[in-house]
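Report on one structure; see the data block that follows.
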Protein chains: 2
Amino acid sequence: MLSNKVKYALKAMLHLAREHGKGPVLIADLAEKEGIPKKFLELILLELRNHGLLQSKKGKGGGYSLSMNPDLITMGQIIRLIEGPLAPLPCVSQTRYERCSDCVDEAACGLRMIMKEVRDATARILDGANLKDLLERVERTHAAPEVAMFHI
Amino acid sequence: MLSNKVKYALKAMLHLAREHGKGPVLIADLAEKEGIPKKFLELILLELRNHGLLQSKKGKGGGYSLSMNPDLITMGQIIRLIEGPLAPLPCVSQTRYERCSDCVDEAACGLRMIMKEVRDATARILDGANLKDLLERVERTHAAPEVAMFHI
DNA sequence: GCATACTCTAGTAAATTGATAGAGAAATAG
DNA sequence: CTATTTCTCTATCAATTTACTAGAGTATGC
């Protein structure tokens, strides 16, 4: 299970992607619209900013915005940044590999084999999902019923 | 990331699957061979037993063994039993669905869409991996290099 | 120079994790 | 029948993580 923190981070990034190009968004607005505790969100946005995904502006007319186009930021990136590896076990992580202290023979570990599959499948999905594509997908899914109505 | 507890549980189950049909295995032996703290393993095996995956016998000649054939027990089952849902978010869990309190429109949630994909991919792998198949896979992988030698 | 808005360091209560301890109960050998 | 073996079960505990909250600080712009 993902933590609330990373869930909030993903929701915030998706929100900022939706507002991309329309100027900075206030933390307070973002917090209210997405139902995220404001002070907690501050910490999260700061972290995302300090890792280069966001840019901020102080004072009147300030706020947060993406520091690059939404198609350049993936779900995988955000999760790794806030929570760490996608892998279910450290011994199958690509980004932060760590050997299990209790492992006798890694190559012969059935657990490792199956968890490697899980990590690869997860990474394929999350590293393949950028903010722009995901927003478009949401719109398509949302628009679909209305479009269908026209044909009735 | 999976907890040590569920990692130990999976290792123990795999070990017991390997010994299936050869009589019960002592907790102490299992703990030593798999590098798991004995007292902790006791709790884990008890839990697996109380959920019906294992059977136990007390006294001399006693120990733990699978309560059914290894091909009837999957990785997914064990993980759900010890840790809970496979899903990254409660709102995409099949077994323990729970709505996000901060969610405005579930159907229009991009996060949910992508996490549903992750949960489905994960479940496909883990519910499709039973102990017997996994053991056979380990053996094949392990045997492969030796077989290759014969052809040189 | 004052209001606005982000920045940053601390702190903290509650939950979870990863164990350990020890008394108890059942099975078996002799 | 009793000593030994082995699982059973409840309790406890320290360390870590999670999910926040507080508040002082700093930059920006009108």
Side-chain angles (χ1 to χ4, degrees), chain A residues 1-12 16 19 23-32 34-67 79 81-85 88-90 100-102, chain B residues 1-12 16 19 23-32 34-67 79 82-85 88-90 98 100-102:
Chain A
M1 285 279 178
L2 295 174
S3 63
N4 272 353
K5 187 178 179 186
V6 79
K7 187 181 78 176
Y8 293 158
L10 293 166
K11 283 179 72 173
L16 291 173
E19 302 294 316
V25 176
L26 294 180
I27 297 180
D29 283 2
L30 218 176
E32 203 207 343
E34 298 290 349
I36 304 172
K38 193 195 156 204
K39 278 306 229 175
F40 197 18
L41 182 59
E42 279 183 17
L43 295 183
I44 295 165
L45 295 179
L46 197 59
E47 203 170 332
L48 292 167
R49 185 204 105 113
N50 289 341
H51 280 90
L53 294 189
L54 296 180
Q55 60 191 184
S56 61
K57 220 185 139 195
K58 286 176 176 175
K60 185 134 200 178
Y64 273 99
S65 50
L66 299 186
S67 66
I79 296 174
L81 217 140
I82 299 287
E83 279 229 318
L89 293 176
C100 290
S101 63
D102 54 310
Chain B
M1 283 279 176
L2 296 173
S3 63
N4 271 353
K5 186 177 178 185
V6 80
K7 187 181 76 176
Y8 293 158
L10 293 166
K11 284 178 72 173
L16 290 173
E19 303 294 315
V25 176
L26 294 180
I27 297 180
D29 282 1
L30 186 43
E32 203 207 343
E34 297 290 349
I36 304 172
K38 192 194 157 204
K39 278 307 227 175
F40 197 16
L41 182 59
E42 279 182 18
L43 295 183
I44 295 165
L45 294 179
L46 197 59
E47 203 170 333
L48 292 167
R49 186 204 104 113
N50 289 341
H51 279 89
L53 294 189
L54 296 180
Q55 59 191 185
S56 60
K57 220 186 140 197
K58 286 175 177 177
K60 186 134 200 175
Y64 273 100
S65 50
L66 299 186
S67 66
I79 295 175
I82 298 287
E83 280 229 316
L89 292 175
E98 216 173 302
C100 289
S101 63
D102 54 310

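To find a chain, count down the sequence lines: A is the first, B the second, and so on, and within it residues start at 1. Quick caveat, the model's predicted, so the values are computed rather than measured.
In terms of heavy atoms, A:G52 sits closest to A:S67 at O-OG, 2.6 Å. When all heavy atoms of A:G62 and A:L26 are compared, the pair lying nearest together is O-CD2, 3.5 Å.
With rounding to whole Å, A:L41 atom CG is found 12 Å from D:dT21 atom P. Remark: C1' of C:dA27 and CD of B:Q55 are 15 Å apart, rounded to the nearest angstrom. Taking atom NZ of residue A:K7 and atom C1' of nucleotide D:dC20, one finds them 14 Å apart after rounding to whole Å. C:dT7 atom P lies 13 Å from atom CD of A:E47, rounded to whole Å.
Annotation: side chain to side chain donor-acceptor pair (under 3.5 Å) contacts of A:E34 (sequence neighbours excluded): A:H15.
Residue B:Q55 qualifies as enclosed at atom CD: its count of foreign heavy atoms under 6.0 Å is above 12.
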**Request:** With side chain to side chain contact (heavy atoms under 4.5 Å, CB included) as the test, would you mind laying out the steps for B:L48 and B:I82 before giving the verdict?
**Result:** CA-CA 8 Å; B:L48 292 167; B:I82 298 287; 4.0 Å; yes
**Request:** Please step through side chain to side chain contact (heavy atoms under 4.5 Å, CB included) for the pair B:L66 and B:L54, ending with a clear verdict.
**Result:** CA-CA 4 Å; B:L66 299 186; B:L54 296 180; 3.6 Å; yes
**Message:** Could you go through A:K7 and A:L2, starting from their C-alpha distance and side-chain angles, then the distance that decides it, and tell me whether this counts as side chain to side chain contact (heavy atoms under 4.5 Å, CB included)?
**Reply:** CA-CA 7 Å; A:K7 187 181 78 176; A:L2 295 174; 5.6 Å; no
**Asked** Could you write nucleotides 3-9 of chain D as a row of B, S and -, 5' to 3', where a protein heavy atom under 4.0 Å of any base atom gives B, of only sugar-phosphate atoms gives S, and otherwise -?
**Response** --BBBBB
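Applying the 4.0 Å criterion to OP1 and OP2 of D:dC20, one finds that A:Y8 has a side-chain N or O inside that range.
Under the 4.5 Å side-chain criterion, counting only non-hydrogen atoms from C-beta, B:M1 is in contact with A:P85.
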Nucleotides 14-18 of chain D: which of its N/O atoms have a protein N/O under 3.5 Å away?
none

